[in-house]
Structures are given as C-alpha cells and as structure tokens.
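Indexing begins at 1, ligand by ligand and atom by atom, following the structure's order. Worth knowing before you read on, the calculation uses all heavy atoms, side chains too, and leaves out hydrogens, waters and symmetry mates.
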Amino acid sequence: MKQELKKHIVLGLTGGIAAYKAAELARLLMKQGVEVQVAMTEAACHFITPATMQALTGRPVLVNQWGAAESGMAHIDTSRTADAIVIAPATADFIAKLAHGLADDLLSTLCLARDCPLLVASAMNRQMWANAATQRNIAQLGRDGVTLLGPCSGAQACGEEGMGRMLEAEELARDIVAFLQNTPLSLALSRKRERELEGVRVLITAGPTYEAIDAVRGITNRSSGKMGYAVAQAALELGAQVTLVSGPTALPKTQGARVVDVTSAAEMFDAVKQHVADADIFIGVAAVADYRAAQPSEQKIKKSADTLTLELLPNPDILAYVANLPKPPFCVGFAAESENLREQAKAKRKAKKIPLLAANLAQQAIGADENELILFDDAGEHVLPRTDKLTLARALVQHIVILYQQGKQR
Ligand code: CTP
C-alpha cells in the first residue's frame, strides 16, 4: 500500500558500480510516497543511464551544470525544495569533494549550496575505504553533521571481499524513510559528530575465541567479528584511540586501530589485562567461549573408542574482571540471548555490574550483516531498530559518549 510520506528528496548518483542499486532505491522510495529528483555526475552516467532514472521517477535528470536547467540556477533551486539530499552511491572521490567543499559539477554544487540534511551512502573498494584519506574525509563529514549510511562488508565488484560495499536498496530505503520520519535512530545519527572521543582510549574485544581440543580441532562459535569491528570503526570516526583485541575473524585489519590478534579466551584475557590500565572505555563485544578443554592434546586425538568424554573448564569472564577492577574504565557489555531477551539482559547487566549493556538475539545477530539492539542503562531501555551493523555501531557509540561524559561530570 502506498503511504503518503509527502517528502521530497534529491537522489544523487556518482560513478560507482553500485549505481545500479539506485534504480531500485528510487522505486522503493517513490512507493512510500517520497518524491525523487535524480541528479547524476557524468561518471555515474557511465554506469546507469539518465534515461533509466528519468523513466523510473518521471522527472528529467539533472546532470549538466551548464545545460538549460529550468531556471538556470538548478543548484540553488533544487536543494531549496528538498527535505534531504541522498548520495547513493557515494564514491571515495565524491566523499573527498564533500569533505573539502569542492563544487566542480552540478551534484557537488548542489550539495554545497544546500539548505537541507545530507545523507551519504558510501560505495567503494575495501582498500579505498580503509585508506587514511577516506577515513579522514568520512570523519570530517560526521563532524559536519552529514548522516552516514553504511557501508557494509561483503563481496565486492572487484572480486575482493571486505568493507566498502554499499547497503542494499531495501536497507537504504528503510534508513532514508526512518530519517525523514525523525525516528530516534535517525536523530542519533544526524547529530553533529564532533571528535567527541578525541584522546579517549577505547579498548574493544571482538570476534569469537577458539579453544583447542587437539592439534586440529577446537571449540568456537559463529561470531564473525563484524559488530566489534564496526564499533571500532565508529569510535575511530569520533577521534578515539582504539585498541581492538580480536579473536580469529576473516575481516580486514581496521586501519587506524591498534589490533591485537588472539586465538583463545585465555589469550584474549591476557591481552585485555595488558591494555586495560590505559583504557578509558572498555567495550566487550567478543563472543568469548565460556569453556575450554581441560587437557588439550598436542597431537591429533585418534579414534580409538566408541565414545569420547571431553572435560571442560570455565574460562575467565573478561568483562566481569574489567568491571570489578578498583578503578574500572567505563564498561559496556553485549548480551547474546536466544530467548527472554529483556529479562536475561537486565539480569546480566546487574550481575556484571556494568553501566551499559547492548542486547541482541543471538540467532539474528551472529554472523549477520544486520542487527537490532536494545540498550539497557540506568535510565531504562533504548531500542535501536534493525539496520546494518556500522549504522548501529555509530548509534551505540553516540550513546556511550553521552553516558561517558555524564560519568566524568559527576
Ligand atoms: N564476556 C567476557 N568473557 C567471557 C564471557 C563473556 O568478556 N568469558 C563478555 C562478552 O564479551 C559480552 C558479555 O560478557 O560483552 C556477555 O556475554 P554473553 O556470552 O552474552 O554472556 P555470558 O556472560 O557468557 O553468559 P551466558 O553465556 O550464560 O549467557
């Protein structure tokens, strides 16, 4: 059913392979009552034609700064009537332009001359995303009050795998509509993101742990590390000094963070003990194995009996250890539950004596690209609705900043 949102956006396309997703995005937005005016860079026209976008939106597409636009001042007029400008896909080059205020074509001019919010959906190769220059530019956009949508990690057009892939059209449409409706998540994300964690030292655990049974076998879980790495990225964007203690994951190294690779819970515990004295904030995102083999064998165990009994010993609770230090950093925990999420999460926050706990349903969260979180703190609960993990991490880190700063003022 068509809902009458009665909003008007400019959808800006820049030259990346993800431009094909913009056609579906325009269609989904219009279905929800959003009027879409498309503007394209010349590079975008190499990936998808203005004719496609025009046919979908029923409006002429703005491409050329020097063409006979309706009033000759398209860059001013178009942004005046828009509720938001959304750039999807936004290439590394276009993001650099936005960060520096360049205006050398119609779309960049339109962004600079705008009088409305700007939303940017990054799309690029993983190395371009990880490059220090891109990260600087992304952080600058955050400081300028630009709302960042994604990117996410996954298979890339170049055949590689990693961070930088644009969100899918459905995800973008949902985030944009939420933004236009002023939901709590969109408000958190559209806050001007100053370097609020400048000089603040953040220690994060991420990924699974692997507990060896013998030379080739072990106990682990399906955690991908995506949420922990997204939290590290979000903290870095706000200027934090990040130490990321990571269990085994297939994710690329987070640029700008000090990454400590570990395998077992015991190694993770050691690494945390080594770095915690220097931490202002500790965020335990890792899915730490609760038990390890009592006597791991150095050799491969041979199949010699019908049944094999494995004795397991409990692992140290890293988060509880940190939270119980005489002078603990500000502690944030995660709770992965498979049922009774709210009750279990509240009990876990109390048991671990931590000011903030982010709870999620394990079966929906582990290994997935998307998630939803319920944050529990002294004020009660705050729901962060389903979205990609980086967007969620940014909202979570915003919440951490507020509580951390309140704590320091006391
Ligand atoms: N955690 C930890 N060390 C452990 C186990 C968990 O630091 N040995 C941390 C996790 O990183 C997470 C929080 O504690 O921030 C909760 O983890 P979770 O697995 O949900 O809970 P557990 O404490 O292991 O309890 P249970 O498995 O019984 O739900």
Side-chain angles (χ1 to χ4, degrees), residues 202-212 218-232 234-235 242-249 260-276 279 281-294 312-325 328-368 371-377 381 384 389 392-393 396-397 399-400 403:
V202 181
L203 178 60
I204 300 168
T205 64
T209 64
Y210 176 90
E211 315 298 323
I219 303 169
T220 187
N221 58 63
R222 285 169 43 217
S223 166
S224 62
K226 285 178 193 162
M227 192 68 215
Y229 279 56
V231 170
V242 174
T243 302
L244 179 62
V245 180
S246 173
T249 76
V260 184
D261 286 315
V262 298
T263 302
S264 64
E267 285 172 21
M268 187 173 272
F269 191 31
D270 281 346
V272 166
K273 281 199 282 195
Q274 208 182 324
H275 292 99
V276 73
I281 297 176
F282 175 74
I283 312 174
V285 196
V288 186
D290 288 330
Y291 295 91
R292 66 181 185 279
L312 301 179
L313 296 176
N315 273 328
D317 189 320
I318 302 170
L319 176 60
Y321 164 85
V322 175
N324 284 292
L325 286 170
F330 180 85
C331 284
V332 183
F334 267 70
E337 308 296 346
S338 58
E339 57 180 356
N340 301 333
L341 184 66
R342 284 187 161 80
E343 296 70 40
Q344 306 258 27
K346 280 184 201 161
K348 205 167 269 183
R349 185 173 94 90
K350 226 170 157 189
K352 302 215 183 198
K353 298 193 192 124
I354 50 174
L356 178 62
L357 183 122
N360 51 201
L361 277 175
Q363 56 272 49
Q364 285 179 12
I366 288 198
N371 197 5
E372 56 188 278
L373 291 176
I374 308 180
L375 309 185
F376 293 89
D377 59 18
E381 63 175 66
L384 299 182
K389 287 185 172 174
L392 264 187
L396 168 66
V397 171
H399 197 76
I400 294 173
L403 297 187

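With rounding to the nearest 0.5 Å, the separation of CG in Leu341 from CG in Leu361 is 5.0 Å. Note that CZ of Arg292 is 10.0 Å distant from CG of Leu312, once rounded to the nearest 0.5 Å. The CG atom of Leu356 sits 10.5 Å away from the SG atom of Cys331 when rounded to the nearest 0.5 Å. If you take CD1 on Ile374 and CG on Leu357, they are separated by 10.5 Å, rounding to the nearest 0.5 Å. If you take CZ on Phe376 and CD1 on Ile354, they are separated by 11.5 Å, rounding to the nearest 0.5 Å. Here Tyr321 contributes atom OH and Phe269 contributes atom CZ; the two are 5.5 Å apart, rounded to the nearest 0.5 Å.
Atom 18 (P) of ligand 1 has Lys348 NZ, 3.4 Å as its closest protein atom, hydrogens excluded (heavy atom only). Among all non-hydrogen protein atoms, the one lying nearest atom 11 (O) of ligand 1 is Ala286 O, 2.7 Å. Leu319 N, 2.8 Å is the protein heavy atom nearest to atom 7 (O) of ligand 1. Looking only at heavy atoms of the protein, atom 6 (C) of ligand 1 is closest to Lys352 NZ, 3.7 Å.
Any N or O atom pair closer than 3.5 Å counts here, and Val288 shares no such pair with ligand 1. Distances between N or O atoms of Asp290 and those of ligand 1 include at least one value under 3.5 Å. In terms of N/O distances under 3.5 Å, ligand 1 is not approached by Ala289. In terms of polar-atom proximity, defined here as any N/O pair under 3.5 Å, Val332 makes no such contact with ligand 1. At under 3.5 Å, a nitrogen or oxygen of Gly284, whether backbone or side chain, sits near a nitrogen or oxygen of ligand 1. Residue Phe334 places at least one N or O, backbone or side chain, under 3.5 Å from an N or O of ligand 1. Taking only nitrogen or oxygen atoms, main chain and side chain alike, Ile318 reaches within less than 3.5 Å of ligand 1. When only interatomic distances are considered, the shortest N/O to N/O separation between Asn315 and ligand 1 does not fall below 3.5 Å.
Taking a distance limit of 4.0 Å, we find that atom 25 (O) of ligand 1 is approached by some protein heavy atom.
Proximity to Ala335 (heavy-atom distance under 4.0 Å) selects the following atoms of ligand 1: 20 (O). Near Ala336, with a cut-off below 4.0 Å to any heavy atom, the atoms of ligand 1 are 20 (O). Of all the atoms in ligand 1, the ones that sit under 4.0 Å from a non-hydrogen atom of Gly333 are 15 (O).
When heavy-atom distances to ligand 1 are checked against a 4.0 Å cut-off, Gln344 has no atom that comes that close, whether in backbone or side chain. At a heavy-atom cutoff of 4.0 Å, ligand 1 is contacted by no atom of Ala320, backbone or side chain.
In this structure, Thr263 and Thr209 have side chains that are not in contact, with every pair of non-hydrogen atoms separated by 4.5 Å or more.
Closest heavy-atom contact between Ala358 and Leu396: CB-CD1, 4.4 Å.
Between Pro316 and ligand 1 there is a heavy-atom distance shorter than 4.0 Å. Residue contacts with ligand 1 leave out Ala265, since none of its heavy atoms falls under 4.0 Å from the ligand.
Asn360 and Asn371 share a side-chain donor-acceptor pair at under 3.5 Å.
Residue-environment remark: NZ (Lys350) stays at or below the threshold of 12 foreign heavy atoms within 6.0 Å.
Arg342 has no carboxylate O lying under 4.0 Å from a charged side-chain N of Glu337, or vice versa, which leaves the two without a salt bridge. Comment: Asp317 engages Lys352 in a salt bridge, judged by a side-chain N to carboxylate O separation of less than 4.0 angstrom.
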